[in-house]
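In this text, all values refer to a predicted model and were calculated from it rather than measured experimentally.
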Amino acid sequence: MKVLACIKQTPATEAVYSVDGGNVSWDVPGGGKPNVINPWDEYAVEEAVRLKENHGASDVGVLTIGADSVEESIRTAIAMGCTSATRVDSAGVDGSGAAGTARVLAAAIKAEGADIVLMGKQAIDGDTGTTPVMTARALGWTPLTYVSAIKEVGGGSITVERKIEAGTQTVTASLPVVISVVSEINEPRYPSFMGIRKAKKAAINVVDAGSLGVEGAYGAASANVDWSNITAPETKALETEMLTGSPAEVAAQLADKLIGDQII
C-alpha cells in the first residue's frame, strides 16, 4: 500500500506582504521563513507517516507542484518521516486554478501508483478547499473529506471518521481514495535531528507536467480566476486615546465614550 501526502508551499502566517506593480512579495519580521508547508497539509503529512507506522504502508511519498524553491518544504516533510518525494515543476502550471491544479496532481498521482492520497482540507492562500475533491474526480476515486480519524485500513478498504456540523460520521470506502483532513486528526510531529540530516541528502524526483499526460487544460490560460490586477487593500488611519485615572475612573470614562458613540 502506497500513501501520498500532497502539500503546497504557502506564505507563513506571520508573513507581511506588500504589493508593487501587481506583484506580491512576502517578508517575515525578524528574518524568519516567508514560505512554509501549508499548515493544513502538515496534518496530512503526519497522518501519512502514521499509516506507515500503524497500518503497514510500504511507502510514504510527498508530492507537490512548484519551482525548486519549494524543495525546502519537501525536505521538511521528509524529515517528518516521508520516504520518497516528487516535485512537478511549475513551469507551465503556474496560474492554474483549482481545476487545473487538480488535473496535474491527478496525473502525477497516477504515475506514482498510490492507493491513498492525503491533503489538508484547504490551503491558507487560495483558501478554496476544492482541490481534494477535484483531484478525486479527475482520478475517478472516492473523496473522503473533513476526516478527523482513520479508524481501520485493510482488505482493500478504509474506514474513517468525518467531522460534520451535526457531529461525526463513520464512513467505509474501497481503495483508492483521496482524503482531506482536519486538525482534529492528529498533532504533527517536529522533525527529528536524524530526520533533518536524512532529508538534506534525500533525492527529490523532478518531473515536467508535460510528461505526465495530463487530461484536460491547466496553466494560466485555463484558470477561471484572473489574478492579473492585484492591489493592496486600503488602510485606514486609526487614532488612539489613552484613558488615565483609577480603574473606576477609567471604566466610567470608557462607558461614557461607548454610550456617546452609540456603541452601547
Results of side-chain hydrogen bond (donor to acceptor under 3.5 Å, both in side chains) for [X] - residues two or more places apart only:
{"X": "Lys257", "value": "Glu241"}
{"X": "Glu46", "value": "Arg50, Arg189"}
{"X": "Thr244", "value": "none"}
{"X": "Thr64", "value": "none"}

Quick one: side chain to side chain contact (heavy atoms under 4.5 Å, CB included) partners of [X], sequence neighbours excluded?
{"X": "Ile196", "answer": "Ala79, Pro191, Lys200"}
{"X": "Leu238", "answer": "none"}
{"X": "Ser25", "answer": "Ser18"}
{"X": "Glu72", "answer": "Lys33"}

Are there over 12 heavy-atom neighbours, none belonging to Lys110, within less than 6.0 Å of that residue's NZ?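 Buried by this count: over 12 neighbours within 6.0 Å.
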Please indicate whether Asp20 has more than 12 foreign heavy atoms, meaning atoms of other residues, nucleotides or ligands, lying under 6.0 Å from its CG.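 Check fails, neighbour count at 12 or below.
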Heavy atoms only: give me the nearest [X]-[Y] pair and the separation to one decimal.
{"X": "Val104", "Y": "Ala209", "result": "CG1-CB, 4.3 Å"}
{"X": "Ser180", "Y": "Gly120", "result": "CB-O, 4.1 Å"}
{"X": "Val62", "Y": "Ile78", "result": "CG1-CG1, 4.4 Å"}
{"X": "Ala77", "Y": "Ile37", "result": "N-CD1, 4.1 Å"}

Per-pair distances, 0.1 Å, donor-acceptor, side chain in residues 121-133, under 3.5 Å, sequence neighbours excluded:
unit_1: Gln122; atom_1: NE2; unit_2: Asp127; atom_2: OD1; d: 2.4
unit_1: Asp125; atom_1: OD1; unit_2: Lys8; atom_2: NZ; d: 3.1
unit_1: Asp125; atom_1: OD2; unit_2: Lys8; atom_2: NZ; d: 3.3
unit_1: Thr128; atom_1: OG1; unit_2: Thr130; atom_2: N; d: 3.3
unit_1: Thr128; atom_1: OG1; unit_2: Thr130; atom_2: OG1; d: 3.0

Side-chain donor-acceptor distances from residues 141-152 under 3.5 Å, at least two apart:
unit_1: Thr145; atom_1: OG1; unit_2: Arg162; atom_2: NH2; d: 2.8
unit_1: Ser148; atom_1: OG; unit_2: Glu161; atom_2: O; d: 3.2

Side-chain atoms of residues 80-89: list all donor-acceptor pairs with protein atoms under 3.5 Å, sequence neighbours left out, distances to 0.1 Å.
unit_1: Thr83; atom_1: OG1; unit_2: Asp59; atom_2: OD1; d: 2.4
unit_1: Thr83; atom_1: OG1; unit_2: Val60; atom_2: N; d: 3.0
unit_1: Thr83; atom_1: OG1; unit_2: Val60; atom_2: O; d: 3.1
unit_1: Ser84; atom_1: OG; unit_2: Asp59; atom_2: OD1; d: 3.4
unit_1: Ser84; atom_1: OG; unit_2: Asp59; atom_2: OD2; d: 3.3
unit_1: Thr86; atom_1: OG1; unit_2: Glu112; atom_2: OE2; d: 2.7
unit_1: Arg87; atom_1: NE; unit_2: Glu71; atom_2: OE2; d: 3.2
unit_1: Arg87; atom_1: NH1; unit_2: Gly66; atom_2: O; d: 2.8
unit_1: Arg87; atom_1: NH1; unit_2: Asp89; atom_2: OD1; d: 3.0
unit_1: Arg87; atom_1: NH2; unit_2: Glu71; atom_2: OE2; d: 3.4
unit_1: Asp89; atom_1: OD2; unit_2: Ala91; atom_2: N; d: 3.0

Below 3.5 Å, can you tabulate the donor-acceptor pairs from side chains in residues 210-225 to any protein atom, sequence neighbours excluded?
unit_1: Ser211; atom_1: OG; unit_2: Asp208; atom_2: O; d: 2.7
unit_1: Ser222; atom_1: OG; unit_2: Gly219; atom_2: N; d: 3.4
unit_1: Ser222; atom_1: OG; unit_2: Gly219; atom_2: O; d: 2.7

